[in-house]
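As structure tokens, the structure follows; a few thoughts come after it.
The model shown is predicted, which means the values in this text are computed figures rather than measured ones. When a residue number appears, it is its place in the shown sequence, counting from 1.
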Amino acid sequence: MPRIIVACESSQTVAKAFHAKGWNVTSVDILPKDSQSNVEHVQGDIFEYLDWAVQNQSIDLLIGFPPCTDLSCIGVAHFHNKGFRKFSKRYPSGVVPNSQMAQGLEFVRKLMFDYRNYIPRIAIENPQGVIGTRLPITVNGKTISYGLKASQYIQPYEYGCAWSKRTGLWLQNLPPLVPTKIVELDPDYDNWINKLPNSTNEMGDRWKIRSKLCQGFGDAMANQWGDL
């Protein structure tokens, strides 16, 4: 049975889609899973889990949804406060060291690169943002450049969800996703992410709602990558 780990996914949208395809699935997130599904979910640190898993299991695929709050262009108005700077001698990376943005980029870098020798296929999803211009690229522990272009960009309306959210995929040994159901944008629903109030409820979960994954993305990943 093929084995997949889905990182940073409390919704289990992708995890349940692969489980339906017969995969051995574990989702991992610092949050509990949102539903009472029978798909395994580990609440904890993704890197602690991956460090254990790659030493004890054969893993065929890792799909990661790293937090985008400090990385996505949707929050560009707050980039300076989060550490974004022009490239300079003082800030050769274009990001203030140890800032929120620097920590977010390091999270992505680890998820994207640190397990490549153990997991043959990796997909990282994130909205358009600073990964393409500021992600540190290291060789033998030395940073050689910054920024990694996405393998492709996809839109929810290409996968049956009637809204816009330009989303990047960074792929290792995986083919680009092919659109499955192109639909017209719903004028009352399109760009709903940008129209959310500053606080959706007393729990302050606006960020979680904004990171909502189109179900069509999860289905396409399972259907198009699940038989590789």
Side-chain angles (χ1 to χ4, degrees), residues 6-11 28-31 45-47 50 62-116 122-157 163-172 176 190-200 203-214 217:
V6 186
C8 312
E9 195 201 31
S10 60
S11 70
V28 184
D29 198 291
I30 59 173
L31 299 173
D45 183 276
I46 180 59
F47 298 116
L50 282 172
L62 168 66
I63 299 180
F65 301 91
C68 63
T69 302
D70 299 322
L71 307 175
S72 168
C73 284
I74 292 174
V76 67
H78 306 286
F79 269 8
H80 190 271
N81 292 337
K82 293 180 178 181
F84 185 88
R85 297 291 186 274
K86 293 181 179 180
F87 291 106
S88 65
K89 289 184 178 180
R90 183 178 183 184
Y91 300 114
S93 68
V95 179
V96 177
N98 300 316
S99 63
Q100 289 176 256
M101 186 171 288
Q103 292 176 42
L105 286 167
E106 175 60 12
F107 188 102
V108 172
R109 188 205 63 77
K110 289 179 65 176
L111 201 59
M112 194 178 290
F113 292 110
D114 282 12
Y115 302 94
R116 285 192 165 203
I122 297 175
I124 303 297
E125 179 269 1
N126 226 245
Q128 184 178 11
V130 297
I131 293 176
T133 60
R134 298 297 193 269
L135 184 76
I137 308 300
T138 60
V139 175
N140 297 324
K142 183 179 180 180
T143 300
I144 60 171
S145 62
Y146 297 97
L148 183 65
K149 291 183 178 180
S151 304
Q152 72 174 130
Y153 283 99
I154 57 179
Q155 285 277 10
Y157 60 76
W163 71 81
S164 300
K165 184 182 179 183
R166 194 165 189 254
T167 302
L169 294 178
W170 287 259
L171 307 176
Q172 174 186 309
D190 187 29
N191 288 323
W192 62 273
I193 294 173
N194 295 326
K195 297 174 183 177
L196 286 173
N198 289 334
S199 180
T200 57
M203 298 301 290
D205 61 358
R206 181 175 188 261
W207 66 270
K208 187 175 181 180
I209 296 173
R210 286 171 67 105
S211 67
K212 179 181 179 181
L213 185 72
C214 168
F217 286 176

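- Note that CG of L135 is 9.0 Å distant from CG of L71, once rounded to the nearest 0.5 Å.
- Partners of D45 according to the side chain to side chain donor-acceptor pair (under 3.5 Å) rule, which considers only residues two or more places apart in sequence or in another chain, do not exist here.
- Note that CD1 of I124 is 5.5 Å distant from CG of L62, once rounded to the nearest 0.5 Å.
- Taking CZ of R166 as the start and CD1 of I74 as the end, the distance is 12.5 Å to the nearest 0.5 Å.
- A donor-acceptor contact shorter than 3.5 Å is absent between the side chain of W170 and the backbone of M112.
- The two residues L105 and P136 come nearest to each other via the heavy atoms CB-CD, 4.2 Å.
- Pairing each heavy atom of S72 with each of P127, the nearest pair is OG-CB, 3.7 Å.
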Steps toward side chain to side chain contact (heavy atoms under 4.5 Å, CB included) verdict (F113, I137): CA-CA 9 Å; F113 292 110; I137 308 300; 4.0 Å; yes
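- Contact detail for R85 and H80: the closest heavy-atom pair is NH1-O, 2.9 Å.
- Residue pairs meeting the side chain to side chain donor-acceptor pair (under 3.5 Å) criterion with at least one partner in residues 135-156, sequence neighbours excluded, do not occur; the list is empty.
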Stepwise side chain to side chain contact (heavy atoms under 4.5 Å, CB included) check, L111 with L50: CA-CA 9 Å; L111 201 59; L50 282 172; 3.8 Å; yes
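- Sorted by first and then second residue, the salt bridge (Lys or Arg N to Asp or Glu O under 4.0 Å) pairs involving residues 88-112 (not counting sequence neighbours) are E106-R109, R109-D114.
- A search for salt bridge (charged side-chain N to carboxylate O under 4.0 Å, His left out) contacts involving D70 returns K82, not counting sequence neighbours.
- No side-chain donor-acceptor contact under 3.5 Å links E125 to the backbone of L169.
- For the side chain to side chain donor-acceptor pair (under 3.5 Å) test, no residue two or more places apart in sequence or in another chain qualifies with Y157.
- Residues passing the side-chain contact (heavy atoms from CB on, under 4.5 Å) test with A123 are I63, L171, L174, W225, sequence neighbours excluded.
- When all heavy atoms of G168 and A150 are compared, the closest pair comes out as CA-CB, 4.2 Å.
- Residue pairs meeting the ring-ring contact (aromatic ring centres under 6.0 Å, His included) criterion with at least one partner in residues 84-112, sequence neighbours excluded, are F47-F107, F79-F84.
- Listed by chain and number, the residues in a side-chain contact (heavy atoms from CB on, under 4.5 Å) with P156 are C161, W163, K165, C214, F217 (sequence neighbours excluded).
- Note that the CZ atom of R116 and the CD atom of Q172 stand 4.0 Å from one another [nearest 0.5 Å].
- When every heavy atom of S10 is checked against every heavy atom of D29, the shortest pair comes out as N-OD2, 3.5 Å.
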